[in-house]
Amino acid sequence: HVQLVESGGGLVQAGGSLRLSCEASGLTFSSVAMGWFRQAPGKEREFVAAISWNSGRTTYPDSVKGRFTISRDNARNTVYLQMNSLEPEDTAVYYCAADRSPFSFTIARMTSTDGYWGQGTQVTVSS
């Protein structure tokens, strides 16, 4: 039974920082790509960041590039998202995701019916 448990969300002022964590269990964590997505009220879920199984590759959309950094600790089965220079537009529920297929890196295109998903953590950025 795969579980992804996010933590670290909260309320922060614009320009501030937060670090999200996602601890995984029930899967071979060191073999799969991990990612973060977000969904704001009234909007579709969007891709935020992804990291390959060995941290050799990362990818971000332009909206967060240079502000967000994804990392992972395979010894702790945990993936992180460091978010700096936060903007009100970053307000959303942030979801951790794990690729179902080992040693692939297509997680950025993963849909809600693919892979594994956490329950989400709320991030609110005030102006």
Side-chain angles (χ1 to χ4, degrees):
H1 175 59
V2 176
Q3 280 195 303
L4 303 176
V5 180
E6 302 100 334
S7 61
L11 173 64
V12 63
Q13 288 189 328
S17 298
L18 281 175
R19 188 174 86 150
L20 306 183
S21 300
C22 171
E23 185 172 358
S25 60
L27 75 168
T28 307
F29 182 82
S30 60
S31 299
V32 298
M34 297 294 296
W36 289 93
F37 292 72
R38 67 186 181 187
Q39 188 166 18
K43 295 188 176 181
E44 293 191 352
R45 190 172 296 188
E46 65 170 339
F47 167 70
V48 174
I51 187 166
S52 62
W53 64 94
N54 62 354
S55 302
R57 296 174 67 182
T58 58
T59 187
Y60 309 88
D62 289 343
S63 57
V64 307
K65 196 173 293 183
R67 300 188 298 123
F68 291 10
T69 303
I70 189 170
S71 61
R72 65 190 294 159
D73 184 344
N74 286 350
R76 297 178 183 271
N77 283 10
T78 301
V79 62
Y80 306 96
L81 183 68
Q82 178 67 44
M83 305 185 293
N84 298 330
S85 303
L86 283 162
E87 304 167 353
E89 294 72 23
D90 295 316
T91 295
V93 177
Y94 283 70
Y95 297 92
C96 174
D99 200 329
R100 193 180 295 270
S101 301
F103 309 118
S104 72
F105 197 57
T106 59
I107 193 169
R109 301 192 296 274
M110 200 165 82
T111 68
S112 59
T113 57
D114 297 329
Y116 304 105
W117 294 88
Q119 292 300 305
T121 185
Q122 176 71 47
V123 171
T124 303
V125 184
S126 64
S127 56

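None of these values were measured; they are calculated from a predicted model. Computed over heavy atoms, backbone and side chain alike; hydrogens, waters and symmetry mates excluded.
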Inset, instruction - Check whether any side-chain heavy atom of Thr91 lies under 4.5 Å from a side-chain heavy atom of Gln122, and answer yes or no. - result: yes

Inset, instruction - Check whether any side-chain heavy atom of Tyr80 lies under 4.5 Å from a side-chain heavy atom of Thr69, and answer yes or no. - result: no

Legend entry - Single-linkage hydrophobic cluster, 4.5 Å side-chain cutoff, Val64 and Phe47 together: no

Legend entry - Within-4.5 Å side-chain heavy-atom neighbours: Phe68 and Leu86: yes

Legend entry - Pairing of Arg38 and Asp90 as salt bridge, 4.0 angstrom limit: yes

Legend entry - Euclidean distance, Trp117 CH2 relative to Met110 CE, rounded to 0.5 Å: 4.0 Å

Legend entry - 4.5 Å side-chain heavy-atom contact, Leu20 and Glu6: no

Inset, instruction - Flag yes if Val2 and Phe103 sit in one hydrophobic cluster, no otherwise; membership is Ile, Leu, Val, Met, Phe, Trp, Tyr, and two members link when side-chain heavy atoms are under 4.5 Å apart. - result: no

Legend entry - Straight-line distance of Ile107 CD1 to Phe37 CZ, nearest 0.5 Å: 5.5 Å

Legend entry - From CH2 (Trp53) to CG (Asp99), nearest 0.5 Å: 10.0 Å

Legend entry - Rounded distance [0.5 Å steps], CD in Glu44 versus CD in Gln39: 8.0 Å

Inset, instruction - Please answer: with hydrophobic residues joined when any side-chain heavy atoms are less than 4.5 Å apart, are Val79 and Tyr95 in the same cluster? - result: no

Inset, instruction - Mark yes or no for whether Arg72, through its side chain, and Ser52, through its backbone, hold a donor-acceptor pair below 3.5 Å. - result: yes

Inset, instruction - Quick one: which residue pairs count as a disulfide bond (SG atoms under 2.5 Å apart) with a foot in residues 57-100, not counting sequence neighbours? - result: Cys22-Cys96

Legend entry - Greater than 12 external heavy atoms within 6.0 Å of Arg76's CZ: no

Inset, instruction - Determine the minimum heavy-atom distance between Ser127 and Pro88, stating which atoms define it. - result: CB-CG, 3.8 Å

Legend entry - Nearest atoms (heavy-atom pairs only) where Ser85 meets Ser17: N-OG, 4.3 Å

Inset, instruction - With sequence neighbours excluded, tell me which residues meet ring-ring contact (aromatic ring centres under 6.0 Å, His included) with Tyr94. - result: none

Inset, instruction - Kindly compute the distance separating CG (Leu27) from OH (Tyr116), expressed to the nearest 0.5 Å. - result: 7.0 Å

Legend entry - Donor-acceptor pair, side chain of Tyr60 and main chain of Ile70, under 3.5 angstrom: yes

Inset, instruction - Would you give the length of the straight line joining atom CG of Leu81 to atom OG of Ser71, rounded to the nearest 0.5 angstrom? - result: 8.5 Å

Legend entry - Within-4.5 Å side-chain heavy-atom neighbours: Thr78 and Phe29: no

Inset, instruction - For residues Thr106 and Asp114, determine if any side-chain heavy atom of one lies less than 4.5 Å from a side-chain heavy atom of the other. - result: no

Legend entry - pair Met34-Leu4: side-chain heavy atoms closer than 4.5 Å: yes

